[in-house]
Visitor: 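Before anything else, here's the structure in question.
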Amino acid sequence: MAVPSTIIYQYLRSKKKFPHVWCPGCGIGITMGALLRALADLEVDKNDVAMVAGIGCTGRMSVYCDFHTLHTTHGRALAFATGVKLAKPNMRVIAVSGDGDALAIGGNHFIHAARRNIDITLILVNNKTYGMTGGQYSPTTPSGKFGSTAPYGNVEYPFDVFELAKGAGANYFARGTVYHATLLQVLMKKALEKKGFSVVEVISNCHTLYGRLNREGSAVKMIEWMNENAVNVKVASKKTPEELEGKFLIGEMLNIDRPEYCERYEQLIERLGGKSKAQNEARSPQHEAVEQ
Amino acid sequence: MRKFIEGSMAVAEAVKLCRPHVISAYPITPQTHIVEHLSQMVADGEVNAQFINVESEFGAASVVLGASAAGGRAFSATTSQGLLLMGEVIFNIAGLRLPVVITVANRSISAPINIWNDHSDAMAIRDAGWIMLFAEDNQEAHDMHLQAYKIGETPEISLPVMINMDGFILTHAFEGVDVISQEEADSFLPPFKPAVHLDVKNPVTMGVLAEPQWYMEARCRMQEALYESRPVIKQAARDFKGKFGRWYGDVIDTYRIDGAETVFVAMGSLIGTLKDAVDDLRGKGEKVGLLKIRCFRPFPGQEIAEALKNTRRVAIMEKAFSLGASGILGDEIKAALYATPYRPEISTFFIGLGGRDIPKSSIVNVYNQVKAKQQNNVFVDLKTELVK
């Protein structure tokens with residue numbers, strides 16, 4: 001019998017902060033597991049990671065993970081993360097947000113983090129609703145679907161997160177689902193290794209609210225739906241438009257190498273003959289005091 | 001009709017009666033139920049309004065500003081971080097003299113993150129130029145919405161009104177509420193006739209640049225309008241009593257204050273607990289009374305001073321304070337009394353921050369402390385072992 005892996009325990013506040021608040025069957029746990037396994041694969045020292053989160057169900061991830069964690073105000077994860085990255089360019093900065101957090105109240109920060117192409121990895125859990133406040137429609141709720149503030153169907157159009165990230169200037173975009181947990185881990189690993197702004201959109205299930213309002217069934221049924229309707233980009237080109245009707249793409253959808261913001265900043269300093277951030281970090285007694 | 005409903009529903013029912021044209025909000029606990037109920041009412045055609053669940057509170061406040069500028073009656077609801085995020089627009093709505101009504105389900109402010117009740121949110125934007133009313137219970141919250149539009153839309157006032165009700169304690173409490181009928185509501189609150197609005201036939205410019213020659217005058221006019229709103233607020237309360245028979249005070253209210261040597265002062269749902277505590281203490285022969293501040297902005301300094309003139313001791317109990325200074329109500333009440341010959345001994349307390357329960361026993365402790373000696377800015381029920 002297979003023994004569950006305990007490899008992710010090193011990254012969890014398992015004795016301090018559990019049990020968690022997520023509903024039984026919620027996909028955020030699978031997402032967090034995939035992220036932690038990706039970090040374990042990369043043999044990342046947890047002291048080198050800053051996890052920045054906003055408000056919402058996904059934001060709770062920063063409570064359970066044992067990195068440097070910064071739980072911010074709603075929507076601001078990427079803005080706070082930008083500050084962390086500027087102060088500590090060598091730190092691995094991971095932002096975790098839900099669709100409401102990253103694309104509605106924090107939508108502005110999303111496009112500007114992508115435009116700057118700053119080296120932050122955003123894990124964007126898209127469950128198509130505001131889970132924590134009771135299932136209101138969000139910027140990723142498909143048209144016609146129900147929300148607690150759309151009792152007869154949503155009249156707005158959802159964002160295509162891939163097009164948004166690409167259009168705004170991100171270096172990397174991949175989409176996974178909580179059904180494809182192993183693929184998710186692979187995509188996250190690639191995103192973490194990528195210099196520049198990288199986004200992994202995770203299609204997740206909120207069976208408690210969104211699923212109930214839209215009669216999409218239990219957690220298992222919603223996750224099975226992901227399996228039935230996700231098409232990997234690698235095989236999508238071999239399929240006819242009819243075959244792709246109503247399906248959504250998963251896999252790596254964008255992988256380019258536009259120079260990253262912090263590096264460009266360093267280059268500017270170098271060109272003007274100033275001290276680089278690394279030199280400053282080494283020489284500043286103030287900084288050493290903070291380090292200690 | 002008397003209904004057993006949640007506080008949020010009591011608000012939604014009242015907003016429906018006010019026949020708003022535009023409702024815009026963003027979900028945030030513990031406000032969300034208010035706009036969820038309203039979105040259902042709009043979707044069912046019970047309210048002939050446009051409802052939009054926007055991308056942030058900043059957007060929600062901006063939408064209601066626009067709707068009001070276009071001559072519509074506009075409503076939003078929020079709390080805590082949402083109110084702070086609205087901040088820039090909150091000041092703008094007041095400066096543009098737009099009679100928007102916003103319900104705030106009062107909640108604490110981060111950090112640390114806390115979703116429970118106190119008054120830190122409302123107090124943080126107290127200088128924005130809004131009329132700020134505090135409801136004691138759900139019936140008052142229901143009734144206050146009709147009064148709020150009536151007050152704010154009075155042409156010479158033309159100011160936004162913020163209705164504050166304690167998050168969870170009121171918004172999530174079910175109780176019997178007399179829901180006003182539409183006919184009665186219509187006879188109390190006439191349709192909105194904006195003093196000025198965006199109209200292609202009669203063009204105006206709103207939000208102009210006011211150079212140093214004009215800015216101070218505009219702010220002075222706002223200050224005057226706020227002071228002038230006091231008689232309008234009082235009249236609205238009297239008119240409401242005349243029509244519906246219910247009375248919660250006008251800008252203030254008093255409870256068993258005659259002959260009281262010690263008077264508690266507070267706002268919001270704490271008033272209910274204090275009334276019970278006053279009854280208990282009176283039953284034991286203690287000479288105590290209560291002053292409720294129903295209207296915090298404009299600040300009813302004269303009315304408060306008058307109510308406290310025969311009192312020996314005052315115990316001010318606040319659910320917020322000005323960090324680095326002291327209690328907000330405390331300072332303002334002291335300032336109001338300074339202009340009079342009355343010099344009661346004033347004690348100030350911070351209570352119930354971040355949703356900490358306020359049992360009657362805590363109030364009795366406060367009373368005993370005040371009776372023993374004057375107290376300054378005491379955190380009630382503080383866990384002293386955690387702040388060493």
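Computed from a predicted structure; not experimentally measured. Order of the sequence lines fixes the chain letters, A, B, ..., with proteins taken first and strands second; residue numbering starts at 1 for each chain.
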Visitor: For atom CG of B/D127, is the number of surrounding heavy atoms from other residues, nucleotides or ligands below 6.0 Å larger than 12?
Guide: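 For B/D127, atom CG is crowded (more than 12 foreign heavy atoms under 6.0 Å).
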Visitor: Has A/K46 got more than 12 heavy atoms of other residues, nucleotides or ligands less than 6.0 Å from its NZ?
Guide: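 More than 12 within 6.0 Å, yes.
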Visitor: Is any side-chain heavy atom of B/L85 less than 4.5 Å from a side-chain heavy atom of A/R76?
Guide: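 Of all side-chain heavy-atom pairs linking A/R76 with B/L85, at least one is under 4.5 Å.
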Visitor: Among residues 149-164 of chain A, which residues come closer than 4.5 Å to chain B, judged by heavy atom distances?
Guide: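 The list, in residue order, reads A/T149, A/P151, A/Y152, A/E156.
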Visitor: Counting only heavy atoms not in B/E88, do more than 12 fall under 6.0 Å of its CD?
Guide: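 It does not: B/E88 CD has 12 such atoms or fewer within range.
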Visitor: Under 4.5 Å heavy-atom distance to chain B, tell me which part of A/Y130 shows up: side chain, backbone, both or neither.
Guide: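 Looking at A/Y130, just its side chain touches chain B.
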Visitor: Among the options B/P27, B/A111, B/S56, B/P112, pick out the one with the most heavy-atom pairs lying under 4.5 Å from chain A.
Guide: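 Option with the top pair count is B/P27.
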Visitor: State the OG1-CE distance between B/T29 and A/M132, to the nearest 0.5 angstrom.
Guide: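 Separation between the atoms: 8.0 Å.
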Visitor: Find out whether A/Q136 and B/T32 are in side-chain contact, i.e. whether some heavy atom of one side chain is under 4.5 Å from a heavy atom of the other.
Guide: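 Yes, at least one pair of side-chain atoms sits under 4.5 Å.
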Visitor: Answer with side chain, backbone, both or neither: which region of B/Q81 has an atom nearer than 4.5 Å to a non-hydrogen atom of chain A?
Guide: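 For B/Q81, the side chain is the part near chain A, not the backbone.
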Visitor: In terms of heavy-atom proximity below 4.5 Å to chain B, should A/S148 be classed as side chain, backbone, both, or neither?
Guide: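 Its backbone and side chain both get close to chain B.
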Visitor: In Å and rounded to the nearest 0.5 Å, what is the CG to CZ distance from A/N108 to B/F58?
Guide: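 Answer for the CG-CZ pair, A/N108 versus B/F58, is 10.0 Å.
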Visitor: Looking at every non-hydrogen atom in both residues, tell me the closest pair between A/T133 and B/E36 and how far apart they are.
Guide: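 Shortest heavy-atom separation between A/T133 and B/E36 comes out as O-OE2, 3.8 Å.
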Visitor: Using non-hydrogen atoms only, which part of A/I55 is less than 4.5 Å away from chain B: side chain, backbone, both, or neither?
Guide: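 Only the side chain of A/I55 comes within 4.5 Å of chain B.
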Visitor: Please check if atom CD in A/E216 has more than 12 non-hydrogen atoms from other residues, nucleotides or ligands closer than 6.0 Å.
Guide: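 For A/E216, atom CD is crowded (more than 12 foreign heavy atoms under 6.0 Å).
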Visitor: Between B/P30, B/A25, B/A43, which shows the greatest number of heavy-atom pairs under 4.5 Å with chain A?
Guide: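 Highest number of pairs under 4.5 Å: B/A43.
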Visitor: Please rank B/V54, B/V35, B/I113 by heavy-atom pairs under 4.5 Å with chain A and give me the top one.
Guide: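 Sorted descending by pairs with chain A, the first entry is B/I113.
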